[in-house]
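Throughout, a chain's letter reflects where its sequence line sits, starting with A, and its residues are numbered from 1. This is a predicted model, so every value here is computed, not measured.
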Amino acid sequence: MDLKNLAQKLDRELAVSSTLKPFGRTEQIVLDVKSEDLAKVAGWLRLEESARLDWLENLSCFESKSKLVLSYFLRSQILDHSLIVRCELSIPEGEKVSVTSVASVWPMVHPYEQEISTLFGVEFKGNHSQRGVKGISFAEGAYPLRKSYVWEAVVL
Amino acid sequence: MTHFQGWIDFFGLPSEAPAPLVFFVSMTVFFLFMIIPLSLFMNFLERKMTADLQARVGPNRVGSSGVLQGFADMLKMLSKSAHVSETSRERFWLSMQNAALYSTFAALPLGSSLIFVNSELNSLIPFVALSLYFVCQSLIGIDGKNIEELLLGFRSGFQFVSGLIPSFICVLTVGVYTGSLNWSEIAQVQNGSPFQWIALSNPFGLVTGLVFILSGMLMFQTPPFHQLDRGMRHRSASGLAVYRINQFYATLIWSVFSVTLFFGAWDFFGEDSSGFIGSAVEMFSVLLKACVMMILSRVIAKALPQIRMDQMTDFSWKVLTPISLVCFLGMTLWVVGVGR
Amino acid sequence: MRFSQECLSTELSLMHLGPIHPSLPGPMKLALQVDGERIVRAEIETGYLHKGLEKSYENRNWFASMIPTDRIDSEGSIFAEMALCMAVEQICNIQVPRRAQMIRLILSELNRVSCHLTYLARVAQSVGFETTTHYILRERELILDLFELMTGSRFNLNFFRYGGVSADITEGFIERIFEVCRIIQIRLREYHALMIDNQSFVTRLAWLGPISAEDVYLMGITGPNARASGVITDIRKSHPYSGYDLIDFRVPLGMGAAGTVGDSFDRLKVRLEEIQESLLLLTHAAESVPPGDFSCIRVTHDFTVPAGEYFSRVEGARGFLGCHVVSSGDFSPVRVQWRTPSQNQLQIVPQLLKGVALQDVPVLLSTLDLSIPEVDR
């Protein structure tokens, strides 16, 4: 998949600016987009002829330099190639961050969004899936996987 | 001589002793010295044979080769208490259930002079008593504290009814062949050699016998027609012990009925049986055959998975009942054509 | 004359199972709305086995990171170890010696056979088929003894290290592999007779909880459950690792042998066939272990990983197991995120339970091969 071409097409058709970065020290490339453009880009990547990224392998989140980084690991079952899409979210202290959900594009993202929402305090707007599966919950404002979270040991 | 003279001889009671007294003494002694030890022994035997089949050792801690495991289990059970106590209604239905079950002792064919009720239809009496047993079980479920107990009660009832019908038809089939529904007369027909046994005398007899045994396993929820979760977690220790012994007794009496109807009853190689020794030999013969049948069916069932409830009732209505009807007709034609 | 209106209650009943219940695959709550014996609606609540494993990585050095890795799924700990090691090795650009790769492959396939045998035993137990359960567990003991011979443990092996494995092949291990493979091959025929050719067993599983190919896609299901639904997905074929590219093997698919494609029976049959394939893989791998080092570096407590990240993919016994490792060059990872197969598989459970009889709930849940530790972490 020609990623430079893809990024240019994205800019042309959706007026979305994106950057291509290496994925760690590997040869894989990450398509970095703004969080507000995420939903548009997701839909476009699903339908675009040269991409056809129809399968979401994983959605990962980590905190780096006071930002939450969401990484979408995508794959095309038809064209047998993969892509990582990334966006960064700034973290308000103790409050939830919101981003648009991509569940309408990749329905299999649901459990990951649910988990990240609980552990990192990211609200995925537009995820209305009612699958009847509820995960762990913490107290309001408690997001354990954020670096700022302080474990308070209770001595009984 | 009365038809329960054997019991009078066993306990050395006077011949004029009233029947209720003889019944009470006989049942108590039979229960304490036969049913309970036999249930412990059969449980041990089944566990050992099952373990052997499953490449395991089985009980081997208590007593030599684990022979006393049953006693250890009984002692352990008696020390447990229920975490949810029984309601008064539940206790009432349980006592009714026990009364219904143990009343079958009156028509239990353990020997030619060991039957208390010797009427023309005494082979049908146990059906009435067992029906009451399962009605009480269903009522316990209906009165239960939660949906699981309710469903368990309904399941027991449906399963019982589905097994009752084909077994009833089987008894009628035997009645057609022997010309009687009286235990003694049924046993009389099968006196002599094993080829006189109804199961071996004609093909309809054998199939009817198998249907009867399977129907009994269905009715009494013995493997593979058992429920994995028998709702026993709410029972007290004594309740659980009574439940287990009831299960054993119910299965035992059904095996005794099967033996009497199809496998020669108390006939012991055609030997004449009278007096104390004769009655003892007859009882031993019946119980031995019944125990062998029970063990065989349990061990064979270990090679099968549990059947789902609707599959059980389907099996009964769609397979056992039609086969029993065919055998009934077949037996009638056999008697008319070939003779008894 | 007045009559009080009495009528049979026809409302739906609510049943709660869990968090600890013998029918459930692990600690989870299952709320069922039932209409008589049939389930109308189901809801699941998990989180009872949440141990904060992913958080604990941030407080450990790289060397100690293997310990929580094993606990992702204690039964299939080797797969998690493989995923973590592969991710770290890619970031550090470590070339694992061929011998170590083969050892890893052998242990992975042994773990796969062990997990599948446990699955078969669990399914047999759920339908009350005790005899088969004991037979299968007896065979599983052979595999666990092999693990003990090689690694010193039966579960939570903690054997893989960055750059290879922690020790070379124990004396007698390869010979024992051949013996165990031979025994299990014979026993597989027995299991076939007891399960596949047993009409009572087939009737319990056929038509139960079918997963369509569309549902596989919508829920992101992978592994044997997806293959049972006819979807070809195997990381060992699409992203070969650790020597899988050198050995040819077949990927079994569900065909609707009894009932429909993707039902419980297909899920069981696919796993039986996968055991067969794994035994062939094992025999081939054991024959072709090359001489050489079992590890190219010696990992100690002060081992660090340079700044970078990687997402590794491994075909676990339950499906696609992924590990996203992020390092900032420090002594501890910034993030170790796990993509576990059971996370996605759990999503389809409420849908599958609709219309199922209550007695089939433990059977259905056991055939899905869910690992609650993987879900909760």
> C/Tyr217 vs A/Trp55 aromatic rings, parallel, tilted or perpendicular, using cut-offs 30° and 60°?
Replying inline: tilted
> What distance do A/Gln28 atom CD and C/Phe311 atom CZ have between them, rounded to the nearest 0.5 Å?
Replying inline: 9.5 Å
>> Under 4.5 Å from any heavy atom of chain A, what part of C/Val349 do you find: side chain, backbone, both or neither?
In response: neither
>> Heavy atom to heavy atom, less than 4.5 Å: which residues from residues 65-80 of chain A reach chain C?
In response: A/Ser71, A/Phe73, A/Arg75, A/Gln77
>> Using 30° and 60° as the class boundaries, would you call the ring planes of A/Phe62 and C/His324 parallel, tilted or perpendicular?
In response: perpendicular
> For A/Pro111 and C/Gln347, which heavy atoms make the closest approach, and how far apart are they?
Replying inline: CB-NE2, 3.4 Å
> So with a 6.0 Å cut-off around CZ of C/Phe331, is the heavy-atom count from everything else above 12?
Replying inline: no
> Shortest non-hydrogen contact from C/Lys55 to A/Pro144?
Replying inline: NZ-O, 2.9 Å
> Tell me, side chain or backbone of C/Ile348 under 4.5 Å from chain A's heavy atoms, or both, or neither?
Replying inline: neither
> What do the steps show when you test A/Glu63 against C/Glu58 for side chain to side chain contact (heavy atoms under 4.5 Å, CB included), and what is the final call?
Replying inline: CA-CA 11 Å; A/Glu63 189 178 324; C/Glu58 296 166 18; over 6 Å; no
> Measuring heavy-atom distances to chain A, does C/Ala307 have an atom under 4.5 Å in its side chain, in its backbone, in both, or in neither?
Replying inline: backbone
>> Can you tell me how far apart NE2 (C/His50) and OG1 (A/Thr118) are? Round to the nearest 0.5 Å.
In response: 9.5 Å
> Which residues pass the side-chain contact (heavy atoms from CB on, under 4.5 Å) test with C/Pro27, sequence neighbours left out?
Replying inline: C/Ile20, C/Tyr48, C/Leu49, C/Ile372
>> Between C/Glu43, C/Met219, C/Gln337, who has the most heavy-atom pairs with chain A when the cutoff is under 4.5 Å?
In response: C/Gln337
>> Which one wins on heavy-atom pair count under 4.5 Å against chain A: C/Glu45, C/Lys29, C/Arg41?
In response: C/Glu45
> In Å and rounded to the nearest 0.5 Å, what is the NZ to CZ distance from A/Lys147 to C/Arg335?
Replying inline: 8.5 Å
> Top residue by heavy-atom pair count (under 4.5 Å) with chain A, among C/Val334, C/Val375, C/Leu218, C/Asn93?
Replying inline: C/Leu218
Which atom pairs, one a donor and one an acceptor, fall under 3.5 Å between side chains of residues 31-43 of chain A and the rest of the protein, sequence neighbours left out?
unit_1  : atom_1 : unit_2  : atom_2 : d
A/Asp32 : OD2    : A/Lys21 : NZ     : 2.7
A/Lys34 : NZ     : A/Ser17 : OG     : 3.1

>> Going by the rule side-chain hydrogen bond (donor to acceptor under 3.5 Å, both in side chains), which residues pair with C/Thr69 if we only count those two or more places apart in sequence or in a different chain?
In response: C/Tyr57
>> Counting only non-hydrogen atoms closer than 4.5 Å, does A/Leu56 touch chain C with its backbone (N, CA, C, O), its side chain (CB onward), both, or neither?
In response: neither
>> Does any backbone or side-chain atom of C/Val326 lie under 4.5 Å from a heavy atom of chain A? Answer side chain, backbone, both or neither.
In response: side chain
> With chain C, which of A/Cys61, A/Gly24, A/Ser60 has the greatest number of heavy-atom pairs at distances under 4.5 Å?
Replying inline: A/Ser60
> Considering only heavy atoms, which portion of C/Thr222 lies under 4.5 Å from any heavy atom of chain A: side chain, backbone, both, or neither?
Replying inline: side chain
> Measuring from A/Tyr112:OH to C/Gln343:CD, what's the distance to the nearest 0.5 Å?
Replying inline: 5.5 Å
> Is atom CD1 of C/Ile232 surrounded by more than 12 heavy atoms (other residues, nucleotides or ligands) closer than 6.0 Å?
Replying inline: no
> How long is the gap from CD on C/Glu309 to OG on A/Ser64, to the nearest 0.5 Å?
Replying inline: 9.0 Å
> Hey, what do you get for CE (C/Met28) to NZ (A/Lys134), rounding to the nearest 0.5 Å?
Replying inline: 14.0 Å
> Side chain, backbone, both or neither: which part of C/Arg313 has a heavy atom under 4.5 Å from chain A?
Replying inline: side chain
>> Show the nearest heavy-atom pair for residues A/Leu145 and C/Glu54, with the distance to one decimal.
In response: CD1-OE1, 4.0 Å
